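Okay, structure first, notes after.
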Amino acid sequence: MTTLLRNIGELVTNDPTWGDQFGVINNAAIEFGNGVVTWVGPDADAAARARGAADLIDIAGRAVIPGFVDSHTHLAFAGDRSHEFAARMAGTPYTAGGIATTVDATRSASDDDLRQLIRGRIDEMRSQGTTTVEIKTGYGLTVEHEERLARIAREFTEHVTFLGAHVVPAEYEGRADEYVDLVCGPMLDAVAPYVTGIDVFCEDGAFTVDQSRRILAEGSRRGLRTHIHAAQLGPSPSVPMAIDSRVTSVDHGTFLSNDDVVALADSDTVVTLLPGSDFSTRQPYPDARRLIDAGVTVALATNCNPGSSYTTSMAFCIANAVREMGMTPSEALWSATQGGARSLGVPTLGTLAVGSPAHLVELDAPNHIHLAYRPGVNLVRTVWR
Ligand code: NIG
């Protein structure tokens with residue numbers, strides 16, 4: 001059974017076959033069935049397909065884009081930190097220390113409470129056009145609780161990332177290296193059946209460069225995609241180590257140096273920018289223009305979490321990236337779809353070409369520029385996944 005969308009005003013495919021990396025086709029049609037895209041082309045060529053389609057939908061000149069790939073989230077949490085946000089807006093700086101508040105609330109929540117919270121956040125994301133979501137652990141920080149978060153997160157997505165190295169928990173205060181032993185050994189053994197990636201928060205108040213290197217090396221040894229929270233709160237010596245460790249992505253990158261940018265451009269590492277955090281912590285925004293001009297692959301994600309970025313909206317991130325980070329609307333959409341897919345190591349996501357997953361979004365707008373042009377408005381009309 002196939003579905004054929006006709007009379008699409010603007011179809012963004014991210015398939016270079018159609019001219020450039022954005023692969024925009026005006027007056028387009030697209031067909032899909034059994035979960036994959038089966039045909040893409042100009043609407044004028046779709047008449048023959050229309051005769052065989054089980055379901056024919058007239059898009060009436062609106063835009064269709066690939067579903068958003070939100071490649072960096074911390075959705076598995078309980079509790080509320082809105083007062084911390086309010087204090088920040090009154091001048092208190094963001095620090096890694098707030099994570100402990102969420103650890104307490106998350107450990108106290110039942111499995112079903114956590115399922116309900118994650119379900120609600122994913123529904124909110126889906127209604128705003130997100131069709132792929134990565135979920136990190138990181139608010140458990142014991143073998144038992146990290147295993148529980150990974151197991152529950154796996155019920156919602158196949159892209160689960162182990163972040164046992166989020167902060168050193170209170171029980172290990174002054175014994176960070178012993179905690180790293182736990183992360184690299186029994187904790188990683190416990191989460192292994194559920195996770196496809198590993199991450200570490202390398203920052204003052206979290207983990208050092210040497211500790212992060214160990215954790216990433218152990219993740220690589222076990223065949224996991226590797227990520228690092230780096231240069232989030234200040235300049236950091238972590239980026240050369242991360243590149244040397246061949247990480248899949250460096251995330252945040254708010255305070256990258258020129259040398260970092262040159263080294264990243266010379267690597268396969270994706271830089272995942274998270275403008276929701278810079279917005280919610282009143283930090284400067286990273287310079288995406290500098291990264292793109294240097295040739296770095298940039299992804300955009302929400303970083304949905306209760307401390308530094310409690311948004312589920314990829315369109316909000318796109319609007320900020322365009323307004324504050326020097327990206328064009330086309331670049332921002334590419335980074336929120338194909339960029340995210342690359343940072344998850346699954347480039348067939350975030351593209352609309354024959355054989356790619358049928359994850360599509362119809363916008364209530366004539367083109368994708370409206371995602372940044374109409375900030376704060378949910379333009380998503382239909383989501384197919
Ligand atoms: O990506 N940096 C570490 N983790 C999250 C924040 C977590 C929190 O404050 O609860 C982040 O910003």
Side-chain angles (χ1 to χ4, degrees), residues 70-89 92-109 114 117-118 121 133-141 145-146 149 153 161-170 183 197-209 211-212 215-216 227-236 238-239 242 247 249-256 271-286 299-312 316-317 320 340 343:
D70 194 347
S71 59
H72 182 135
T73 86
H74 303 253
L75 292 192
F77 69 87
D80 179 80
R81 282 161 60 195
S82 51
H83 295 292
E84 195 187 299
F85 172 79
R88 251 190 338 263
M89 294 305 108
T92 309
Y94 175 81
T95 65
I99 292 169
T101 312
T102 302
V103 169
D104 288 345
T106 305
R107 285 180 183 171
S108 305
L114 283 171
L117 289 165
I118 297 172
R121 291 171 191 136
V133 64
E134 178 259 18
I135 303 179
K136 297 179 198 301
T137 68
Y139 291 116
L141 308 188
H145 284 285
E146 283 294 302
L149 294 182
T161 306
F162 171 50
L163 182 58
H166 203 179
V167 282
V168 178
V183 166
I198 189 166
D199 199 341
V200 53
F201 184 17
C202 184
E203 195 81 50
D204 285 348
F207 294 86
T208 66
V209 171
Q211 290 163 346
S212 302
I215 290 160
L216 293 168
H227 307 271
I228 183 167
H229 287 61
Q232 174 180 1
L233 304 178
S236 159
S238 57
V239 176
V247 294
S249 76
V250 163
D251 295 35
H252 284 281
T254 302
F255 293 93
L256 294 175
V271 174
T272 303
L273 301 177
L274 307 165
S277 335
D278 305 302
F279 176 92
S280 296
T281 57
R282 267 227 181 107
Q283 292 208 135
Y285 286 89
L300 282 175
T302 62
N303 189 23
C304 182
N305 77 77
S308 71
S309 180
Y310 198 1
T311 181
T312 49
F316 170 77
C317 296
N320 270 294
S343 100

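Computed from a predicted structure; not experimentally measured. We count ligands from 1, going down the list as the structure has it; atoms in each ligand are counted the same way. Side chains included, hydrogens not; waters and symmetry mates left out as well; all remaining heavy atoms used. For the single chain, residues carry numbers from 1 onward in sequence order.
Heavy-atom distances between Y139 and ligand 1 reach below 4.0 Å in at least one pair. In this structure, E203 falls outside the shell of residues with a heavy atom less than 4.0 angstrom from ligand 1.
At the shortest separation from atom 1 (O) of ligand 1 among protein heavy atoms lies H252 NE2, 2.9 Å. Here the heavy atom of the protein found nearest to atom 2 (N) of ligand 1 is Q232 OE1, 2.7 Å. Among protein heavy atoms, the minimum distance from atom 9 (O) of ligand 1 is reached at Y94 OH, 2.5 Å. Distance from atom 4 (N) of ligand 1 to its nearest protein heavy atom, with residue and atom name: H166 NE2, 2.8 Å. At the top of the distance list for atom 5 (C) of ligand 1, counting protein heavy atoms only, stands H74 NE2, 3.7 Å. Nearest protein neighbour of atom 12 (O) of ligand 1, counting heavy atoms only, is S308 OG, 2.5 Å.
For D251 and H229, the side-chain atoms include no donor-acceptor pair closer than 3.5 Å. With no hydrogens or angles considered, no side-chain donor-acceptor pair links S343 and S249 at under 3.5 Å. A donor and an acceptor atom, one from each side chain of D199 and T161, are nowhere located under 3.5 Å apart.
Considering only heavy atoms from C-beta on, S309 stays 4.5 Å or farther from L274 through its side chain.
Geometrically, ligand 1 and S277 share no nitrogen or oxygen pair separated by less than 3.5 Å. Ligand 1 has a nitrogen or oxygen under 3.5 angstrom from a nitrogen or oxygen of H229.
Between the R107 side chain and the G140 main chain, a donor and an acceptor come within less than 3.5 Å of each other.
With F85 as reference, S280 is the one residue of P306, S308, S280 to meet the side-chain contact (heavy atoms from CB on, under 4.5 Å) rule.
N303 approaches D70 most closely through the heavy-atom pair N-OD1, 4.4 Å. A pairwise comparison of heavy atoms in N305 and F77 identifies CA-CE2, 4.1 Å as the closest pair.
In the vicinity of N305, heavy-atom distances shorter than 4.0 Å reach the ligand 1 atoms 5 (C), 6 (C), 7 (C), 8 (C), 9 (O), 10 (O), 11 (C), 12 (O). Residue contact check: F201 has heavy atoms under 4.0 Å from atoms 2 (N), 3 (C) of ligand 1. Interface of I99 with ligand 1, defined as ligand atoms under 4.0 Å from a residue heavy atom, comprises 7 (C), 8 (C), 9 (O), 10 (O).
In this structure, H74 and H166 have parallel ring planes: the angle between them is below the 30° cut-off, well short of the 60° mark.
Contacts with ligand 1 closer than 4.0 Å are made by no heavy atom of F77, backbone or side chain.
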